[in-house]
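Sequence positions, counted from 1, serve as the residue numbers for this chain. Please read all numbers here as calculations on a predicted model, not as lab measurements.
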Amino acid sequence: MRCVPLIPRAGIISISNGRLSNLGDLHLYPVSVKAQSGEKLELQLNPGDSVMDVRQFLLDASETCFFTCYDLILHTKDGLVHHLEDYNEISEVADITTGGCSLEMVAALYDDRSIRSHVRRARELLSLSTLHTSLSTSLALQHETIQQTSSDTVKEVPELDGLGFMEDITGSLGNLASSSSKEIKSMESIVFSSFNPPPSYRRLVGDLIYLDVFTLEGHKVCITGTTKMFYVNSSSEDTLDPRPAKAACEATTLIGLLQKVSPKFKKGFREILERKASAHPFENVQSLLPANSWLGIYPLPDHKRDPARAEDAWALSYGSELIGMQRDWNEELQSCREFPHTTLQERILRDRALYKVTCDFVDAAISGAVGVINRCIPPINPTDPECFHMYVHNNIFFSFAVDADLGQMLKENASSVKSRCGQFAEHSANTESIPDSLEQASNSSKTGGDSNACKSEGSKVEEVSSVRDVASDVSAEAQMADSEQATYASANNDLKGTKAYQEAEVPGLYNLAMAIIDYRGHRVVAQSIIPGILQGDKSDSLLYGSVDNGKKICWNEAFHAKVLEAAKRLHLKEHEVYDGSGNVVKLAAPVECKGIVGSDDRHYLLDLMRVTPRDANCTGPGSRFCVLRPELVTAFCQAEAAETSKLTPVPEGEVPIAPDSQQGSSVSADVNTESNVTPSNSWDTAEEHNKAAQPTESGMSSEDVLLNPNAFTEFKLAGSEVEIAADEAGVRKAGKYLLDVVLPKFVQDLCTLEVSPMDGQTLTEALHAQGINVRYIGKVADMTKHLSHIRDLCATEIVVRAAKHILKDVLRESQDHDLGPAIAHFLNCFFGQILLVGTKGSANNMQIRTSKKDQVSHQSSGNSNKGHSRWNRGSSTRRNQSAYKHITSDNLWADIHEFSKFKYQFELPEDARLLVKKVSAIRNLCQKVGLAIASRKYDLAAVAPFQASDILNLQPVVKHSVPVCSEARNLVETGKARLAEGMLNEAYALFSEAFSLLQQVTGPMHREVANCCRYLAMVLYHAGDLTGAIMQQHKELIINERCLGLDHPDTAHSYGNMALFYHGLNQTELALQHMSRTLLLLSLSCGSDHPDVAATFINIAMMYQDIGKMNIALRYLQEALKKNERLLGEEHIQTAVCYHALAIAFNCMGAYKLSLQHETKTYDILVKQLGEEDSRTRDSQNWIKTFKMRDLQVNAQKQKGQALNAASAQKAIDILKAHPDLVQAFQAAAGGPGAAGASVNKSLNAAIMGETPLPRGRGVDERAARAAAEVRKKAAARGLLVRPHGVPAQALPPLTQLLNIINSGVVQEAPTDAEANVSNKEASSSTVNGTGNATENGCVGGQEGPAPVGLGTGLASLDLKKQKLKPKATT
């Protein structure tokens, strides 16, 4: 079992700048290590580190990275020698805290397994494919190089092309796909020799392996690997000669031997190590569960020969196990759960073991599922219909989540399956049968379907019969729809239920490891295997629940006690139901769950599709498994408890929020609070939060509010009528709470930008975090008609989900050789205009009509074109190999319209195909299906924009329940509260400790670690340590790129935050390069019309404003204003933010009339939205007074009769003629209902047309001259060339000169030093103070609320820090 990759502990020290000692729990001690080669190095170790940790540290060190087979010997200062076993903790062997301890690496003997691992490690070291260099790292290195080479010259900061490329997004796709690092060649190839395996007489003397090595010098050598060493033998081309070629050519490692054999290898290997060492440590760490990429490199790189790659592809089987060795996943998982977890260190070890085993299981499950779908793994029941096939591979049970045509199945298979019981009984989610021994047991009274698998066809028939008994008036189509809902979707519910019971942590109650893999249109459920279930050695294994849809319900007192304990934690009520014979059974779980005792005597609970109550708002066919989300149940129970106990309840509609922002920028309306935190995708975290409804002495706890999971189901409840009515009323009230409280609150959060989803994934996460099922997305769209970007986002998500289901049908029905063309044809129908191909119109139209009819009857399960033929990839499909060609754009979009109406009760507009954001929809669809397309420019207006050659890959999409570290999650939550209170030291210590815990549990490549890095960056930013903030932000950026994807919204926010931090260090060019990347990522995920894009424009404008490029700043501010007015409305606070930013910009340029006009609009909006007493409104009022005063000063000076030089007037006219965009900017800026704006426009137009003479100007007063001289003096000290009016020469825009004319010929009065500081404060902090969260609501990095989180004070605080670093531009 590999150890989770960990960064050497020295990295943790640097992270906290030496402040880790505040944590108390983590103390590091130096221990010297003597390598096999004789080199010495020093490790920083903690007594709680395991020997596996030490081995991982040594693998990360360049001096010892190629040693894999060695024993570790610990020498203590008193002379004792200890041999360290891999799974021991160091503290169990010796006390390293006393000092004087040293480690020695002693070469161990190789065996077949370890020598293969050694060769694999050597190959890994010679490749740079594992190095993932972030664009941010490259930009920083380039900037540093440029600074060093041109330190004496002042470089012009270029203008972003952001406003341009957002209109041509597909042209920028090539900028996103990351090419792998350029390889450094050190060796032609290292391959297993065809002399393998060693002949028996050589095995007896220790030969294990033979390798053929081709060096860069052109030599071929044959190497023998023995139990002790590697050496070059004397073999010829065709004959093995095991004798050593020469005595000097031997070494204990393969790398060591190659360094002796080839000088070019030695040089190349050193370069490879240097390249890896120069990268950020996180860029060398592999992600255990990396994100799929939807873009591939274009043009395609050459596919070159690589014997090692070929060997791996053929030698490795379809799981992560080594040849001849299979892991017992269930035993590993349950053993890890039984680890002691009383102390912090024990919990860390337990969490790490659970995380690693689960990740390994998911990895093996993905490989196995791909093998199952590609028909590389044979079924264990080959005589059954293909859709009911089950597979066992690498000790993992695989079954299909069947959603085939029930009517056809019943007709064809009913006679053959009536006596068969399923292994897992997942309500036909994963239909399967089991071996004969268990079949016989299942025919007896105590059937034990191995809960590993899904219910078989027989149980499905019984289930449908039961449904008919309960609701005989339901049509056959409705029953099929109901059963389909119970198949495909119930796999999701089962996964959520399994995770819920795992989180409940009830001693003695166990669940299986589980993963859902979607690939090539199929859904495969992978589960670990209950001991003994496949052998059928326990006919009485079913102790609890029912396998026949409630006809017989088993019950066991000991099992019930454990289930009851879990039920209390999950808000499930203990209740009574009738079985098929009328007997009353007391349950605390859904009827169809199954409690099974394995041959290991552990109690397993399976088939957990309904661990939350039914959604009373959903009735009719297909709604059987429409259940409430766990977050909603938790929120409802807390609200009920608060109301019942008459405590101060959670604010109405306040849903427990998950701990970290994962869905885009969260923009808080209040800069001083962080109570509203953006939700994440972690469904179960709601239970951890919002403890407002805690019981008092006589109060009710939320745990006392319980709901009946079997209410509103086909199962008959026992008990009194009053009790049944109360149970149903409680479930109905929870559904009403969702409609009346949660949904309106969510829409309100969308309006205020507290929740700001940017793509389909973040929208889904936001809905789930609030406890809202995705089936309500149509309702959300209808409730947000006034927010065009949200309505469009919802509509696009509905369209893409419909297209996903249709595309999955196409993939299922396509042969291997048709996959690429079929996908390209589908995409052309979706985004182009494809008409019907072929002459047999009547037959084609008949097929389309049949398909649509079929779809209508199955909409509730979210699939179109249903039919069992998809399983018959043999004869039936061969008869119609190109069925995909009959799809046209018209019938595809007709199906999408019907799907949205049936599934989401949402009526798409007739022109939906024209309104959908094509690039965002392509990205969303590719991510949902696992597609990768070429990153080239597509003409999406063409009839057929895609070609088969554009389809580069089809990847599995996986859902899993990998556990997280609850300890670290609680620390992060506490740290966020401290940060909101301004307690930076405490927050820093908490975030640092959470980071340390997570790194020990998950390694650095995890989303939660990225959250910690982001919060650490915020704390350091607030503490004034911008360099430290950049270090932490860089880590978050790298992790997000690797774990979430290069274009995930969180990655975009990481780049935005990096830009603001760099700007704070006066590295504006580097900051703008990061902002350019931010705009690219935002354009891909949400398009150009989104408040976050407007927010990014504001931040970019502030940066240009700071370097004196006011004309560029104005353009970005104007664009931001247009977007916010169009998307949010003219009276939204974000619109006020834009007006205020424009007022500050005009103030910096001396255009006080325009400043006054825009600040007045800001004030009017704030009064209407916040009231006159709000601090932000009063700040805006103060700004108005300031602008009025300055305008009066200008007018007073104007009355002195000082005239403007006629030459300057002509120059201004020339400027306007040369820059017509400035005229448009001013017309837009002053186009409001103000006399000042009208007069300015009139004056400008008249001046350009030559209709009226320009006003006369005035001279320069002495005070202005003195202040300007002082500014020049300060600038000269820093090597900046400054113009007479205080603006750096490289930043003097024509607009600055023009504004002097606008202000009636005023040459701007340069402020004194004190005034300059005040002015700078105004220009920067006003965006926060004047509108309350101006840049926060408008910040690309906005993620969780207050200033640091969204960098709300962003540019404000940064500018305040920059006062001492650079001269201020004055006009």
Is it true that a side-chain atom of [X] and a backbone atom of [Y] form a donor plus acceptor pair closer than 3.5 Å?
{"X": "D212", "Y": "I190", "answer": "no"}
{"X": "S189", "Y": "V191", "answer": "no"}
{"X": "R121", "Y": "C65", "answer": "yes"}
{"X": "T224", "Y": "Y210", "answer": "no"}
{"X": "D111", "Y": "S114", "answer": "yes"}
{"X": "K260", "Y": "E250", "answer": "yes"}
{"X": "T358", "Y": "L354", "answer": "yes"}
{"X": "S235", "Y": "C222", "answer": "no"}
{"X": "N381", "Y": "F388", "answer": "yes"}
{"X": "Y231", "Y": "T226", "answer": "no"}

What heavy-atom pair brings [X] and [Y] nearest, and what distance separates the two atoms?
{"X": "L125", "Y": "I272", "value": "O-CG2, 3.3 Å"}
{"X": "A122", "Y": "L254", "value": "CB-CD2, 4.0 Å"}
{"X": "V957", "Y": "V929", "value": "CG2-C, 3.8 Å"}
{"X": "V810", "Y": "A822", "value": "CG1-CB, 4.0 Å"}
{"X": "G368", "Y": "I377", "value": "O-CD1, 3.6 Å"}
{"X": "W329", "Y": "A364", "value": "CZ2-CB, 3.6 Å"}

Neighbour count above 12 (heavy atom, 6.0 Å) for K228 NZ: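 Open.
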Within the structure provided, determine whether [X] and [Y] are in side-chain contact (heavy-atom separation under 4.5 Å).
{"X": "V524", "Y": "I373", "result": "yes"}
{"X": "F265", "Y": "L126", "result": "yes"}
{"X": "N953", "Y": "L931", "result": "no"}
{"X": "I823", "Y": "D950", "result": "no"}
{"X": "N233", "Y": "D241", "result": "no"}
{"X": "Y110", "Y": "I209", "result": "no"}
{"X": "R520", "Y": "N374", "result": "yes"}
{"X": "I297", "Y": "L952", "result": "no"}

Using ring centroids (six-membered ring only for Trp), state whether [Y] and [X] fall under 6.0 Å.
{"X": "F282", "Y": "H280", "result": "yes"}
{"X": "H219", "Y": "F214", "result": "no"}
{"X": "H389", "Y": "F398", "result": "no"}

Just verifying a value: how many Å separate [X] [atom1] and [Y] [atom2], rounded to the nearest 0.5 Å?
{"X": "S814", "Y": "R812", "atom1": "OG", "atom2": "CZ", "answer": "10.5 Å"}
{"X": "R936", "Y": "L295", "atom1": "CZ", "atom2": "CG", "answer": "12.0 Å"}
{"X": "E85", "Y": "L72", "atom1": "CD", "atom2": "CG", "answer": "10.5 Å"}
{"X": "S186", "Y": "L258", "atom1": "OG", "atom2": "CG", "answer": "8.5 Å"}
{"X": "I933", "Y": "C926", "atom1": "CD1", "atom2": "SG", "answer": "4.5 Å"}
{"X": "K276", "Y": "T133", "atom1": "NZ", "atom2": "OG1", "answer": "11.5 Å"}

Are [X] and [Y] close enough for a salt bridge, meaning some N to O gap below 4.0 Å?
{"X": "D53", "Y": "R352", "answer": "yes"}
{"X": "D518", "Y": "K808", "answer": "yes"}
{"X": "E124", "Y": "R120", "answer": "no"}

So R113 and H118, side-chain contact (heavy atoms from CB on, under 4.5 Å) or not? Walk me through it. CA-CA 9 Å; R113 180 183 176 193; H118 182 84; over 6 Å; no
Is there a salt bridge (charged side-chain N to carboxylate O under 4.0 Å, His left out) between D112 and R203 once you walk through the steps? CA-CA 11 Å; D112 281 310; R203 286 285 303 192; 3.0 Å; yes
So among N394, D360, N395, which one has a side-chain hydrogen bond (donor to acceptor under 3.5 Å, both in side chains) with R327?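 When N394, D360, N395 are each tested with R327, the side-chain hydrogen bond (donor to acceptor under 3.5 Å, both in side chains) holds only for D360.
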Intermediate values then yes/no, salt bridge (charged side-chain N to carboxylate O under 4.0 Å, His left out), E271 and R275: CA-CA 6 Å; E271 291 178 2; R275 171 81 67 84; over 6 Å; no
Run the numbers on E237 and K220 for salt bridge (charged side-chain N to carboxylate O under 4.0 Å, His left out), then give the verdict. CA-CA 9 Å; E237 191 69 29; K220 175 186 176 182; 3.2 Å; yes
Using salt bridge (charged side-chain N to carboxylate O under 4.0 Å, His left out), reason through D302 and K304 one step at a time and then give a plain yes or no. CA-CA 6 Å; D302 295 332; K304 297 182 179 179; 5.5 Å; no
Run the side chain to side chain donor-acceptor pair (under 3.5 Å) test on S193 and N196 for me, step by step, so that the C-alpha distance in whole Å, both residues' side-chain angles and the decisive distance to 0.1 Å come before the verdict. CA-CA 6 Å; S193 172; N196 286 308; 5.2 Å; no
Lys NZ or Arg CZ of R202 over F195 ring: under 6.0 Å, within 45°: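 The answer is no, since R202 fails at least one limit relative to F195.
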Yes or no on side-chain contact (heavy atoms from CB on, under 4.5 Å) for V362 and L289, after CA distance, side-chain angles and deciding distance? CA-CA 8 Å; V362 172; L289 298 170; 3.8 Å; yes
Verify side-chain contact (heavy atoms from CB on, under 4.5 Å) between M52 and Q56, making sure each step is shown before the conclusion. CA-CA 6 Å; M52 291 292 282; Q56 187 62 50; over 6 Å; no
Before giving the answer on side chain to side chain donor-acceptor pair (under 3.5 Å), spell out for S262 and E217 the whole-Å C-alpha distance, their side-chain angles and the decisive distance to 0.1 Å. CA-CA 7 Å; S262 169; E217 288 87 354; 2.8 Å; yes
Passes side-chain contact (heavy atoms from CB on, under 4.5 Å), Y884 versus E813? Steps please. CA-CA 8 Å; Y884 69 87; E813 294 167 359; over 6 Å; no
Determine, step by step, whether T137 and E283 satisfy the side chain to side chain donor-acceptor pair (under 3.5 Å) criterion, reporting the C-alpha distance in whole Å, the side-chain angles of both residues, the deciding distance to 0.1 Å, and the verdict. CA-CA 10 Å; T137 308; E283 292 174 340; 2.7 Å; yes
